[in-house]
Asker: 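Dropping a structure here in structure tokens format, bear with me for questions.
Every value quoted in this text rests on a predicted model; they were computed, and no experiment measured them. Along the sequence shown, residues carry numbers from 1.
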Amino acid sequence: MKTRCSLTILILFQLFLVTNFAQGEAAVPFLLLNPSPSLSAMGATGTALPTDDPFAFLWNPAQLGYTSQTNNLSYIFYPSKVDWLGFGWLELNGIAFNVGYNFNDIIGFPLSFGFGYANSDFDYGFQGIFEPPLGEVKDFYNSYSIGLGIDYFVQISIGYSIKEVSSTIVPDLGEPSSLTRKTTVNDFGILLSIPVLRLIDEKLQFQLDKSFFAKPTFDFSLGYSKSNIGEEFYYIDKNQADPLPRTDRLGYGISTGFDLVSDDFRINAFNLSFTVEADDILIKRESMTSDWEYQPTLSDLKFWKNIVQIEGNEKIVTRTGTRLDFFETFTYTFGHFSGRGYPDLQKTNGYEIRAKGLLKLYALWARNPITDFLRDHFDIRYYNTNYFADAWNETKMTGLAFYVHNLNKLFE
């Protein structure tokens, strides 16, 4: 049983296509999967470009400090099964919700606080290819995170997460009781966003006609996170424990566009966002059987080569993502990644449909307090993503998210 479990786990790991890195193998590689449909469509980024995606704190807990400045509640789930790699028996599941509040009106200082929870699991299905069959295999975690944000000339956010991780094998009939191993890992991150045009001239705008103006925006951001900080993880023999996939992520983001503004109306007419990030698994091991050790922060990551030149290698995965937003109603995203474990360029893409823009346009026409309330405080978003796009292992991901924001205005 022990030998068969160990062999099976190693084989299953290869199915992720994410653990063939030069430093060696890590336990629970499921922790390296980005469960967000929106962020997965952007090359599985999420560290350096500010976003209000409810899953975003899993890649950088500091995202909670950013999103809590305006969003009070958000929730996301998968409306349909995520069939990972198209195999039919590998299934990814996940939900997340965020709560946050901006205390500026209460304390007179632009400080916001956010809390996030996410549950994600990966079901390997029934492993009947072995003799005798192994049974059901599943990895999952519960993540709890907090974030703080300050918007004082520039926006700076910090965050911290705790993940409770479990890996379970439920044997087939005739085998001993199920085997479950648990551990706890920690994440932390920082996110800096600089509203360049707002700092130059906060009132900058261009008149389009007698009542409408175009207000341009240009923001630059930097982000860093360190994930899965823990000791070691073993399934059968403690003396053969494996390292956890401790990961550094570093990158930058650029966001530019313009809003249409009048006396009683404002909508983001167009926005272009671009982000680059690189991730490094901090494990050094010469072979599968040799001793291993965790590496120090940013040990292999080279900013100029991996981020500026966007070059991955046998130790580093580089990722890019681009996002095009139109009238807060429709978004098209695409990206790619390459490097450690990915000898070929892997593509991603997707689209997003939002209710916010439609609510704003309807409220402008209706001139009704109810439609104004819906416009100011609610949003619904649908995501449709192709991961490993146009490849044999293309994975379809969909998501449905609900948002409540700007509740501070109700107490003014």
Side-chain angles (χ1 to χ4, degrees), residues 16-26 29 31-36 38-51 53 55-63 157 159 161 185 187-194 220-229 243-255 273-285 294-323 333-349 387-389:
F16 281 107
L17 302 179
V18 297
T19 54
N20 295 322
F21 50 90
Q23 294 94 324
E25 297 291 333
L31 293 173
L32 298 173
L33 291 181
N34 191 327
S36 164
S38 175
L39 299 177
S40 292
M42 296 182 66
T45 57
T47 303
L49 186 69
T51 175
D53 187 293
F55 278 120
F57 74 89
L58 294 174
W59 244 227
N60 187 347
Q63 295 280 10
S157 305
S161 297
V185 299
D187 307 343
F188 69 85
I190 185 169
L191 180 64
L192 173 67
S193 181
I194 305 171
F220 178 77
S221 58
L222 290 169
Y224 168 78
S225 68
K226 194 166 190 174
S227 304
N228 308 319
I229 304 170
L244 292 160
R246 184 178 297 184
T247 305
D248 269 339
R249 296 186 177 94
L250 179 68
Y252 70 89
I254 297 173
S255 181
S273 300
F274 176 73
T275 185
V276 175
E277 64 183 63
D279 61 69
D280 178 17
I281 297 182
L282 301 174
I283 301 171
K284 183 178 181 181
R285 180 160 61 176
Y294 287 121
Q295 296 176 299
T297 299
L298 302 178
S299 58
D300 298 311
L301 201 153
K302 308 300 181 184
F303 187 86
W304 181 260
K305 180 178 180 179
N306 302 134
I307 297 178
V308 177
Q309 295 182 325
I310 318 178
E311 293 184 11
N313 53 40
E314 70 280 0
K315 296 181 179 179
I316 304 295
V317 175
T318 58
R319 306 176 184 273
T320 70
T322 302
R323 178 184 178 96
T333 52
F334 59 94
H336 62 77
F337 55 94
S338 62
R340 179 196 64 244
Y342 303 100
D344 300 318
L345 193 71
Q346 306 293 320
K347 298 179 181 180
T348 62
N349 59 56
Y387 199 71
F388 299 121

Asker: Could you check whether any side-chain heavy atom of R340 comes within less than 4.5 Å of a side-chain heavy atom of D279, counting everything from C-beta outward?
Answerer: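 Yes, at least one pair of side-chain atoms sits under 4.5 Å.
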Asker: Indicate yes or no for a side-chain donor-acceptor contact from T348 to the backbone of G43 under 3.5 Å, with no hydrogens or angles considered.
Answerer: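 Checked: pair present.
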Asker: Using atom types as modelled and distance alone, determine if a side-chain donor or acceptor of Q346 lies under 3.5 Å from a backbone N or O of D344.
Answerer: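 Checking the backbone N and O of D344 against the side chain of Q346, a donor-acceptor pair under 3.5 Å is found.
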Asker: Answer whether the closest heavy-atom distance between the side chains of D248 and Y224 falls below 4.5 Å.
Answerer: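 With C-beta onward as the side chain, the pair touches.
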Asker: If you compare all heavy atoms of S227 against all heavy atoms of L58, which two are closest, and at what distance to 0.1 Å?
Answerer: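 Here S227 and L58 meet closest at OG-O, 4.5 Å.
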Asker: I'd like to know if the side chain of N60 reaches the main chain of S225, judged simply by a donor and an acceptor atom lying under 3.5 Å from each other, with no hydrogens or angles considered.
Answerer: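 Here the side-chain-to-backbone pair does not exist.
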Asker: Could you measure the distance from the CD1 atom of I190 to the CG atom of L222? Nearest 0.5 Å is fine.
Answerer: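 Here the interatomic distance stands at 9.5 Å.
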Asker: Might you point out which heavy atoms bring T47 and L191 nearest each other, and give the distance in Å?
Answerer: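 Scanning both residues completely, I find the closest heavy atoms to be O-CD1, 3.8 Å.
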Asker: What heavy-atom pair brings L49 and S221 nearest, and what distance separates the two atoms?
Answerer: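 Where L49 meets S221 most closely, the heavy atoms are CA-OG, 3.9 Å.
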Asker: Side-chain contact, heavy-atom cut-off 4.5 Å: S299 with K315?
Answerer: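 A side-chain contact is absent here, since even the closest heavy-atom pair is not under 4.5 Å.
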Asker: Output yes when a side-chain donor or acceptor of S40 lies under 3.5 Å from a complementary backbone atom of N34, and no otherwise.
Answerer: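 Yes; judged by distance alone, with no hydrogens or angles, the pair exists.
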Asker: Between A278 and L301, which heavy-atom pair has the shortest distance, and what is it?
Answerer: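 Closest approach of A278 to L301, heavy atoms only: O-CD1, 3.6 Å.
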Asker: Do you know the tightest heavy-atom contact between G223 and A48?
Answerer: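 Distance-wise, the nearest heavy atoms are N-CB, 3.6 Å.
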Asker: Treating R319 as the side-chain partner and E277 as the backbone partner, does any N or O pair qualify as donor plus acceptor under 3.5 Å?
Answerer: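 Judged by distance alone, no pair lies under 3.5 Å.
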Asker: Can you name the nearest heavy-atom pair linking Q295 to I281, along with the distance?
Answerer: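 So the minimum-distance heavy-atom pair works out to OE1-O, 3.7 Å.
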Asker: Take S36 and D53 through the side-chain hydrogen bond (donor to acceptor under 3.5 Å, both in side chains) test and state the conclusion after the steps.
Answerer: CA-CA 8 Å; S36 164; D53 187 293; 2.9 Å; yes
Asker: Specify whether Y342 and F388 have parallel, tilted or perpendicular ring planes, treating 30° as the upper limit for parallel and 60° as the lower limit for perpendicular.
Answerer: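 Correct class here is tilted.
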Asker: Run the side chain to side chain contact (heavy atoms under 4.5 Å, CB included) check on T322 and T333 step by step: do they pass?
Answerer: CA-CA 6 Å; T322 302; T333 52; over 6 Å; no
Asker: With heavy-atom distances below 4.5 Å as the criterion, would you say the side chains of I307 and L250 are in contact?
Answerer: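 Of all side-chain heavy-atom pairs linking L250 with I307, at least one is under 4.5 Å.
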Asker: Determine yes or no for a side-chain-to-main-chain donor-acceptor pair under 3.5 angstrom, with T247 supplying the side chain and P245 the backbone.
Answerer: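 At least one qualifying donor-acceptor pair exists.
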Asker: One pair to check against side chain to side chain contact (heavy atoms under 4.5 Å, CB included): T275 and T320. What are the steps and the verdict?
Answerer: CA-CA 6 Å; T275 185; T320 70; over 6 Å; no
Asker: Does the separation of the ring centres of Y387 and F337 fall below 6.0 angstrom?
Answerer: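 Y387 vs F337: aromatic centres under 6.0 Å.
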Asker: Give a yes or no on whether the backbone of T51 and the side-chain of Q63 come within a donor-acceptor separation of less than 3.5 Å.
Answerer: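 Pair found, side chain donor or acceptor close to backbone of T51.
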Asker: What's the spacing between L298 CG and L282 CG if we round to 0.5 Å?
Answerer: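 Going from CG on L298 over to CG on L282, the span is 8.0 Å.
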Asker: Quick one: are I316 and D300 in side-chain contact, heavy atoms under 4.5 Å?
Answerer: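 Of all side-chain heavy-atom pairs linking D300 with I316, at least one is under 4.5 Å.
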Asker: I would like to know whether S38 and R323 meet side chain to side chain contact (heavy atoms under 4.5 Å, CB included); could you show each step before the answer?
Answerer: CA-CA 10 Å; S38 175; R323 178 184 178 96; 3.6 Å; yes
Asker: Would R249 and D280 pass as an ion pair if we require N to O under 4.0 Å?
Answerer: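 D280 and R249: not salt-bridged.
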Asker: Does L244 offer a backbone N or O that forms a donor-acceptor pair with the side chain of N228 under 3.5 Å?
Answerer: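 No; zero donor-acceptor contacts below 3.5 Å.
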Asker: Are R246 and I283 close enough that some pair of their side-chain heavy atoms sits under 4.5 Å apart?
Answerer: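 Answer no - side chains too far apart.
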Asker: To the nearest 0.5 Å, what is the distance between OH on Y252 and CZ on F303?
Answerer: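 Nearest 0.5 Å value for the OH-CZ distance: 7.5 Å.
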